[in-house]
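Encoded as structure tokens, the structure appears first; notes follow it.
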Amino acid sequence: MANVSVAAEWQLLYNRYYRKPELYPLRWKNIDLSRNKVACAPFGGPIAVIRDDSKIVQLYSESALRKLRIFTSSGVLISDTVWKNPGGRLIGMSWTEDQTLICIVQDGTVYRYNIHAELIEPNVTLGKECFEQNVVECIFWGNGVVCLTEGGLLFCIPDFKVMRPCQLAETGAEDLPNCMAVIEPKYTVSGNVEVLVGVGDGILIVDEDGVQRVDGEAVQGPVQKMVVSWDGKYLAIFTHDGRILVTDINFKGVLLEYNCESALPPEQLAWCGLDSVLLYWDDTPLLMVGPRGDPVHYFYDEPLLLIPECDGVRILSNTSLEFLQRVPDSTVSIFKIGSTSPAALLYDALDHFDRRSAKADENLRLIQSSLPEAVEACIDAAGHEFDVSRQRTLLRAASYGQAFCSTFQRDRIQEMCKTLRVLNAVRDPEIGIPLSINQYKLLTPSVLIARLINAHRHLLALRISEYVGMNQEVVIMHWACSKITASLAIPDATLLEILLDKLKLCRGISYAAVAAHADKNGRRKLAAMLVEHEPRSSKQVPLLLSIGEEDTALMKATESGDSDLVYLVLFHIWQKRPPLEFFGMIQARPLPRDLFISYARCYKHEFLKDFFLSTGQLQEVAFLLWKESWELGKNPMASKGSPLHGPRIKLIDKAQHLFAETKEHTFESKAAEEHAKLLR
């Protein structure tokens, strides 16, 4: 019966099954997709919504202000802000790979927002031509965009991390293109972005260097809509006569052809994995077309937005979010009606075992030779399930079969349990990241944790990083910095206790980095208290200098015994403080004093003389003067009768007078006097 209820939810497209589980009933209110511009991030990311100013809508008092709102995939509001950006109508909006929201307006200005709806400065413009001609269309991909102007020019930002706009080659067409699609740089031979432009009766391939016309059986007549597959290998085309075609990216043959009922281009065209294509018109059912056989229709009475993923399509409506995907082979082998595969018999054996039926043993005997494959299929099917109770049952079936299978890898079930616990945690409606297992593997745990951190879900990020054995330092550091930014009203001493309580969880964490953030936010006292806990002098001392704690920095550098650090502090204080104050700081500290004297003996004689005079070390000044006279004596110009001879004698006289003022240096005084006499 379980098999019947599961398989009844599936749709058959030729010989492949598809399912469409509901991920969330959406929690937002009064959101009509048909009246808003909506941008959904892939990998279960956030949803940005803003009123579409190209459509006439009735405004109520609470919605008079045009707001940019950001929701989770479950419809929970993360943040919002009033849209105040000049530059004309909003043309395009999309999320980058690091979940920065890109908004492009009519005059070519690019505005960027983080997930908390905070504007990221500075804004970037696409150039003078865009400003003069106006942008009319934007095609986004993972980390870039191509924009079309009213004059038919194409401009591109290949990478939002660099934000360097460039102009692509001119098509030479008199009219604007019917449609465009982008082949990402990672899928092109040249390594540059290539734009497929539907112009007239054909398709042009445009890049920075030139324009090439496409020849092939797939291109016969005007093209109205195009979309490139997730892996960059295939292209779906909707033609002027209502046909949907699929060809490889080199246009070397038609892999799929289907005549649609309408010749009007669909509002949305999207790939569902790599096996089928979805077409959506406003007033007709959602159409899914595969390589062969009859298409599948899905009926909706509300507007939809298709969000392509690597293994399916998320379907967003006003009230729910669903995930349309091909049913994995392991799931089909277990739940297909009438299936007698080893995995189906193992799943059935567990049911009999729970009912204390002897048929459980009979099933196990039938599949004894195929038991490892059956266990693996149950584990794999559990990984692809969104329903927690079904995950549990499939893993129980795998565990039951493993007990009778000595050759199976024992930690496989544990690994899947660990993965599913992470996935179920982020799928919770409060978090709202409905990742499939394939998306999770492609995204990687480290990127997922980074996204949770950016969304300020620090506790969950910390638990996941601990659970999967990753370094927790990044999470705790981000939490500490966020806490400092958000806690301006909390006294420094109280906030310090809160921070230290969490920072001590991670050995080797950089207190100096947190202190630097505190200083940047104007909390210098807190920064000074935090840096006291930094065990590494190399991190501690530079920060102490930056926050004006020179005395403490000198003490810490001296305690470390690192001469390079001591010199760093000495040079810093030397430039910042008056000479007498500087001399007073180093006089009582032997290591800094000796290092300063060693340096000054080689490069700063006059400054060293001032130091010795300020500390009453007259004999040291005398020795320096005597040394200077000796250096002068090496110069041929210092011989008797030459210009330097007189100054040399004066230096020795000064040295002799200084020696004479100290009782301990009578010999040196007499020697200097004799030296001067001899020179005269």
Side-chain angles (χ1 to χ4, degrees), residues 23-28 40-48 69-80 95 97-101 114-118 309 314 321 323 382-383 385-389 391-392 395 414-487 498-507 509 513-514 517:
L23 300 177
Y24 304 112
L26 294 174
R27 296 188 177 190
W28 61 31
C40 301
F43 296 100
I47 302 170
R69 288 175 284 181
I70 297 174
F71 299 88
T72 66
S73 286
S74 57
V76 175
L77 182 67
I78 300 172
S79 57
D80 62 7
W95 292 93
E97 290 172 356
D98 62 356
Q99 293 197 339
T100 299
L101 182 66
N114 63 20
I115 197 172
H116 304 290
E118 297 164 340
E309 299 281 6
R314 280 187 293 148
L321 180 70
F323 184 51
E385 285 296 331
F386 283 85
D387 184 84
V388 177
S389 63
Q391 291 172 5
R392 199 172 287 126
L395 288 171
Q414 292 177 345
E415 289 172 7
M416 184 55 74
C417 287
K418 191 175 278 191
T419 300
L420 285 174
R421 279 177 182 160
V422 172
L423 288 174
N424 290 337
V426 299
R427 288 171 183 169
D428 183 276
E430 285 300 322
I431 307 299
I433 304 178
L435 286 173
S436 69
I437 192 167
N438 288 335
Q439 293 165 25
Y440 175 65
K441 288 175 180 175
L442 194 61
L443 188 67
T444 72
S446 59
V447 176
L448 175 60
I449 289 167
R451 292 189 174 190
L452 289 170
I453 290 170
N454 288 333
H456 290 177
R457 296 285 183 179
H458 296 103
L459 180 58
L460 180 58
L462 185 67
R463 286 177 175 168
I464 290 175
S465 58
E466 183 181 6
Y467 189 62
V468 300
M470 293 179 65
N471 189 1
Q472 301 167 52
E473 182 177 346
V474 178
V475 182
I476 296 174
M477 283 280 293
H478 193 281
W479 170 83
C481 294
S482 301
K483 188 73 177 173
I484 290 168
T485 305
S487 306
I498 295 169
L499 294 172
L500 292 179
D501 188 49
K502 297 292 184 292
L503 291 171
K504 68 185 180 185
L505 294 174
C506 191
R507 185 182 296 176
I509 198 165
V514 182
H517 183 80

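Everything quoted here is computed from the prediction, not taken from an experiment.
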Side-chain contact, heavy-atom cut-off 4.5 Å: [X] with [Y]?
X      : Y      : value
Val475 : Glu466 : no
Cys417 : Leu395 : yes
Phe43  : Leu448 : no
Ile449 : Met470 : yes
Tyr440 : Val447 : no

Looking at [Y], is its backbone amide N or carbonyl O close enough to the side chain of [X] to form a donor-acceptor pair, meaning the two atoms are under 3.5 Å apart?
X      : Y      : answer
Asp501 : Lys504 : no
Ser74  : Tyr24  : no
Ser73  : Gly45  : yes
Glu309 : Pro42  : no
His116 : Asn454 : yes

Atom pair [atom1]/[atom2] of [X] and [Y] - distance to nearest 0.5 Å:
X      : Y      : atom1 : atom2 : answer
Lys418 : Ile464 : NZ    : CD1   : 12.5 Å
Ile476 : Leu499 : CD1   : CG    : 11.5 Å
Leu443 : Arg451 : CG    : CZ    : 5.0 Å
Asn114 : Ile78  : CG    : CD1   : 10.5 Å
Gln99  : Ile70  : CD    : CD1   : 10.0 Å
Leu77  : Ile47  : CG    : CD1   : 11.5 Å

> Does a donor on one side chain sit under 3.5 Å from an acceptor on the other, for Asn438 and Ser436?
Replying inline: no
List the atom pairs, donor and acceptor, that lie under 3.5 Å between side-chain atoms in residues 422-434 and the rest of the protein, sequence neighbours left out.
from   : atom 1 : to     : atom 2 : distance (Å)
Asn424 : OD1    : Gln391 : NE2    : 3.2
Asn424 : ND2    : Gln391 : OE1    : 2.9
Asn424 : ND2    : Leu420 : O      : 3.2
Arg427 : NE     : Leu435 : O      : 2.8
Arg427 : NH1    : Glu385 : O      : 3.3
Arg427 : NH2    : Leu435 : O      : 2.8
Asp428 : OD1    : Glu430 : N      : 2.8
Glu430 : OE2    : Arg27  : NH1    : 2.5

Locate the shortest heavy-atom distance separating [X] from [Y]; write the atom from each residue and the value.
X      : Y      : result
Gln439 : Phe323 : NE2-CZ, 3.6 Å
Gln472 : Ser465 : CG-OG, 3.6 Å
Ile115 : Ser79  : O-OG, 2.9 Å
Ile509 : Leu503 : CG2-O, 3.6 Å

> How would you list, by chain and number, every residue that makes a side chain to side chain contact (heavy atoms under 4.5 Å, CB included) with Ala450, sequence neighbours excluded?
Replying inline: none
>> Checking Ser389 now: which residues fulfil side chain to side chain contact (heavy atoms under 4.5 Å, CB included) with it, not counting sequence neighbours?
In response: Asp387
> Parallel, tilted or perpendicular for Phe71 and Trp28, by the 30°/60° rule?
Replying inline: perpendicular
